[in-house]
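Here is the structure we will look at.
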Amino acid sequence: MDVVYDFSSKNFMVIGASSGMGRQIAEELAEAGARVLAVARREAPLLQLQEKYPKLIFVATADMTADRPLDGVLAPFVAQFGKLHGAVYTAGVEGLTPLRAFSEEMARTIMETSFWGAIKAMQLVNQRKFSVDGCSSVLFSSISAYTGASSMFAYSAAKAAVQAAVRSIAKEICRNRKRINTISPGWVSSEMTEREQEILGEEAIAALKKRHLLGFGEASDVSGFVLFLLSERARWITGNDFLVDGGYLWGGG
């Protein structure tokens with residue numbers, strides 16, 4: 001039997017909603033009846049998303065590397081529709097940063113987007129004026145936090161930092177029954193991974209696919225677990241990371 005969620009009358013924010021897993025999560029939340037504040041840097045794909053769900057998805061642009069990226073974004077949504085019941089942070093930047101020849105600018109952008117952007121979002125989301133007691137947040141980490149992807153120390157470090165931060169934040173916000181967890185996906189087909197395929201080449205991609213016991217994933221293979229963590233059925237889960245990786249970590253032996 002398929003799992004069906006009812007998020008009617010609930011409010012969520014999805015950061016990184018213009019494509020990939022963020023977009024999939026925003027769409028599934030809307031399909032479940034939730035009002036969604038969809039946030040990303042690119043406006044055009046956000047407007048396409050809003051056109052698909054005009055009564056449930058509301059959009060705003062933000063650069064998560066800015067000092068206060070969500071100023072003027074979250075407050076109007078909460079004022080109109082009420083406090084958040086959950087938030088999802090999928091925004092991130094991948095890039096090669098080999099130790100012998102890496103771009104410091106690239107490395108800093110990766111950290112600013114994947115880690116500091118998430119922290120800035122959580123600082124705002126978990127204020128009592130913006131979220132209900134029991135609010136659930138899900139931040140995206142990666143299997144790279146476990147494996148340390150070759151020539152990607154900045155990305156791997158940023159994703160590992162997200163997990164460490166969440167374990168600490170969970171202890172701060174629990175007094176209001178608020179929860180926070182991370183998801184670590186394997187290789188999921190998206191605009192980002194399509195660019196990586198061009199860089200890595202066919203041979204490396206074939207080897208990578210072989211390590212995924214269940215093959216490469218789709219955004220919908222991850223989004224279902226995110227919706228579970230956002231739901232009341234996960235109300236006793238916080239401070240954890242969840243691998244949704246098609247068996248990647250166990251596929252090397």
Side-chain angles (χ1 to χ4, degrees), residues 2-3 14-29 40 87-98 110-111 113-115 117-118 136-167 180-231 234 237-253:
D2 287 337
V3 177
V14 180
I15 300 173
S18 61
S19 63
M21 287 181 279
R23 186 183 184 94
Q24 180 71 26
I25 292 163
E27 290 195 8
E28 290 192 27
L29 284 170
V88 183
Y89 191 92
T90 72
V93 177
E94 281 190 357
L96 296 177
T97 52
I110 290 169
M111 183 63 75
T113 307
S114 293
F115 177 70
S136 174
S137 296
V138 181
L139 309 186
F140 269 62
S141 181
S142 168
I143 54 171
S144 294
Y146 292 86
T147 61
S150 177
S151 298
M152 295 179 67
F153 76 81
Y155 182 77
S156 300
K159 293 303 187 180
V162 169
Q163 292 186 25
V166 159
R167 290 192 290 271
I180 186 169
N181 293 284
T182 57
I183 289 276
S184 289
W187 187 281
V188 173
S189 298
S190 67
E191 291 180 16
M192 185 181 293
T193 53
E194 285 177 9
R195 292 193 295 269
E196 289 298 309
Q197 283 188 244
E198 295 177 4
I199 296 171
L200 294 173
E202 291 184 9
E203 187 175 337
I205 292 299
L208 187 62
K209 187 171 185 178
K210 187 177 181 181
R211 281 201 58 171
H212 286 73
L213 300 180
L214 299 178
F216 288 159
E218 302 293 334
S220 57
D221 294 320
V222 178
S223 56
F225 202 88
V226 175
L227 264 64
F228 165 69
L229 290 175
L230 293 174
S231 77
I237 301 173
T238 193
N240 286 294
D241 178 68
F242 296 92
L243 287 161
V244 187
D245 68 345
Y248 174 80
L249 283 189
W250 316 122

Verdict with reasoning, S144 to E94, per side-chain hydrogen bond (donor to acceptor under 3.5 Å, both in side chains): CA-CA 11 Å; S144 294; E94 281 190 357; over 6 Å; no
Do you know the tightest heavy-atom contact between A17 and A40? N-CB, 4.0 Å
Roughly how far, to the nearest 0.5 Å, is the OG atom of S141 from the OH atom of Y89? 13.0 Å
Starting at CD1 of I143, measure out to OG of S184 and round the result to the nearest 0.5 Å. 8.5 Å
With a 3.5 Å cut-off and sequence neighbours excluded, list the donor-acceptor pairs that the side chains of residues 212-221 form with protein atoms.
residue: H212; atom: ND1; partner: L208; partner atom: O; Å: 2.9
residue: H212; atom: NE2; partner: W187; partner atom: N; Å: 3.1
residue: D221; atom: OD2; partner: E218; partner atom: N; Å: 2.7

If you compare all heavy atoms of Q163 against all heavy atoms of A145, which two are closest, and at what distance to 0.1 Å? NE2-CB, 3.5 Å
Shortest non-hydrogen pair, E28 vs S223, comes out as OE2-OG, 2.6 Å
Would you name the heavy atoms of A158 and S114 that are closest together and state the gap between them? CB-CB, 3.9 Å
Contact between V138 and F225 at the side-chain level, heavy atoms closer than 4.5 Å - yes or no? no
Heavy-atom side-chain proximity of V162 to F140 below 4.5 angstrom: no
Rounded to the nearest 0.5 angstrom, the CG-OH distance for D245 and Y146 is 9.0 Å
What is the distance from atom CE of M111 to atom OH of Y155, rounded to the nearest 0.5 Å? 12.0 Å
Name all residues meeting the side chain to side chain contact (heavy atoms under 4.5 Å, CB included) criterion together with A161; count only those two or more places apart in sequence or in a different chain, and write none if there are none. F115
Measuring from atom CD1 of I25 to atom CG of L227, what distance do you get when rounded to the nearest 0.5 angstrom? 7.5 Å
Evaluate the side-chain proximity of F228 to V3: yes if any heavy-atom separation is below 4.5 Å, no if none is. no
Answer whether the closest heavy-atom distance between the side chains of L229 and I183 falls below 4.5 Å. yes
Taking C-beta and beyond as the side chain, do N240 and T182 meet within less than 4.5 Å on heavy atoms? no
Could you work out, with ring-ring contact (aromatic ring centres under 6.0 Å, His included) as the rule, every residue matching F153, not counting sequence neighbours? F102
Taking D241's backbone N and O only, do any of them form a donor-acceptor pair with N181's side chain (distance below 3.5 Å, no angle check)? no
At what distance, to the nearest 0.5 angstrom, does CD1 of I180 lie from OG1 of T238? 7.0 Å
